[in-house]
Amino acid sequence: MEFILEYLPLIIEGFIVTVEVTFFGVVMGLILGTLLAIGDLYGGKIISTLIKIYVEFFRGSSIVVQLFIFYYTIPSMLNTTIDSFIVGLIVFGLNSAAYQKGYIKGAMEAVYEDQMTAALSLGLTKAQAIMYVILPQALRIVIPAWSNEFTSLAKSTAALLVIGERELASAGKTIAAQTWRVLETYTFIAIIYLAWISIVTKILDIIYEKVKIPGIEITT
């Protein structure tokens, strides 16, 4: 495995891209997914229908297709170009939001009825109840779903290869092609994926155990 040292800068570069796209996707997905969940629950029929169309597209189509659309089709229609890294951030954020919307909506529904009644009886408005009572509890409940979403998104970053962005899997492909050490290369890449995904998911598990609400869970 000594040859890996020669290509370590390439691996580190790819790993950084993978980490950046994954974390940006999860964070953007959380913010947008929360807004989508609120809109679906309280936005009325038209807004709810538009959100469902959005969710069905990003959940129902391959992320490879989504990358092609945002990197090739849309720029071609607008007669412009977009950096592949920026496209990766946008697509993974939008894709994650579609999934996280479902998780967050389920968590909000799990605490909604009793907590909303209690909050309104204390004089809070509906908006204040959602912001200060419902959401803080829902976001604690949804942590296990974040763990699943993070794992899925981290592995899906390999799809960035189709738009020429060099992430971790792409770096492995380049090394394997140049050295013909396919088994060793991809074994090393797999170990990196396994290590960092395991560390982050373990951290999320620890956080969840500290903040979870006994008796209130959602299926992930």
Rounded at 0.5 Å granularity, tell me how far [atom1] in [X] sits from [atom2] in [Y].
X: T22; Y: K155; atom1: OG1; atom2: NZ; answer: 11.5 Å
X: I141; Y: Y208; atom1: CD1; atom2: OH; answer: 7.5 Å
X: L30; Y: L139; atom1: CG; atom2: CG; answer: 6.0 Å
X: L89; Y: E20; atom1: CG; atom2: CD; answer: 7.5 Å

Using only atom types and a distance under 3.5 Å, with no angle test, would you say the side chain of E149 pairs donor to acceptor with the backbone of Q100?
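No.
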
Test your reading of the model: is there a side-chain donor-acceptor pair from S96 to the backbone of G93, 3.5 Å cut-off?
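Judged by distance alone, no pair lies under 3.5 Å.
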
Residues S170, E165; criterion side chain to side chain donor-acceptor pair (under 3.5 Å); working and verdict
CA-CA 8 Å; S170 176; E165 185 61 32; over 6 Å; no

Could you pull out the closest heavy-atom pair between [X] and [Y], with the gap in Å?
X: I11; Y: A171; value: CA-CB, 4.3 Å
X: G88; Y: L67; value: CA-CD2, 4.3 Å
X: F92; Y: S156; value: CZ-O, 3.4 Å
X: I189; Y: G172; value: CG1-CA, 3.9 Å
X: I51; Y: D40; value: CD1-N, 3.4 Å
X: N95; Y: F58; value: ND2-O, 3.3 Å

In this structure, are over 12 heavy atoms from other groups packed under 6.0 Å from Q128 atom CD?
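Yes - once you tally the heavy atoms of other residues, nucleotides and ligands closer than 6.0 Å, there are more than 12.
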
Take a 6.0 Å sphere around CD1 of I46 and say whether it holds more than 12 heavy atoms from other residues, nucleotides or ligands.
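Counting other residues, nucleotides and ligands, CD1 of I46 stays at 12 neighbours or fewer.
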
Would L41 and E109 satisfy side chain to side chain contact (heavy atoms under 4.5 Å, CB included), going step by step from the backbone distance to the final call?
CA-CA 9 Å; L41 287 170; E109 289 176 328; 3.6 Å; yes

Should the ring pair W196 and F150 be called parallel, tilted or perpendicular, given that the plane angle runs from 0 to 90° and is split at 30 and 60?
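Geometry flag for F150 against W196: perpendicular rings.
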
Check this for me: does any side-chain nitrogen of one of E209 and K212 sit under 4.0 Å from a carboxylate oxygen of the other?
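Answer for the salt bridge query: yes.
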
Is [Y] reachable from [X] through a run of hydrophobic residues whose side-chain heavy atoms are each under 4.5 Å from the next?
X: I197; Y: V27; answer: no
X: V26; Y: I203; answer: yes
X: I31; Y: Y99; answer: no
X: I86; Y: L153; answer: yes
X: F70; Y: L78; answer: yes

Y42 vs I47, test: side chain to side chain contact (heavy atoms under 4.5 Å, CB included). Steps then yes/no.
CA-CA 9 Å; Y42 313 113; I47 292 178; over 6 Å; no

Could you verify whether a donor N or O on one side chain and an acceptor N or O on the other, from S48 and K52, lie under 3.5 Å apart?
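Indeed, the side chains of S48 and K52 share at least one donor-acceptor pair under 3.5 Å.
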
Is the closest side-chain heavy-atom distance between L161 and R166 below 4.5 Å?
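They are not in side-chain contact.
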
Before giving the answer on side chain to side chain contact (heavy atoms under 4.5 Å, CB included), spell out for Y54 and L32 the whole-Å C-alpha distance, their side-chain angles and the decisive distance to 0.1 Å.
CA-CA 12 Å; Y54 167 89; L32 182 55; 3.6 Å; yes

For I69 and F57, what are the C-alpha separation, side-chain angles and deciding distance, and is it a side chain to side chain contact (heavy atoms under 4.5 Å, CB included)?
CA-CA 12 Å; I69 290 173; F57 171 75; 3.9 Å; yes

Centroid-to-centroid, Y103 to W146, below 6.0 Å?
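No, ring centres 6.0 Å or more apart.
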
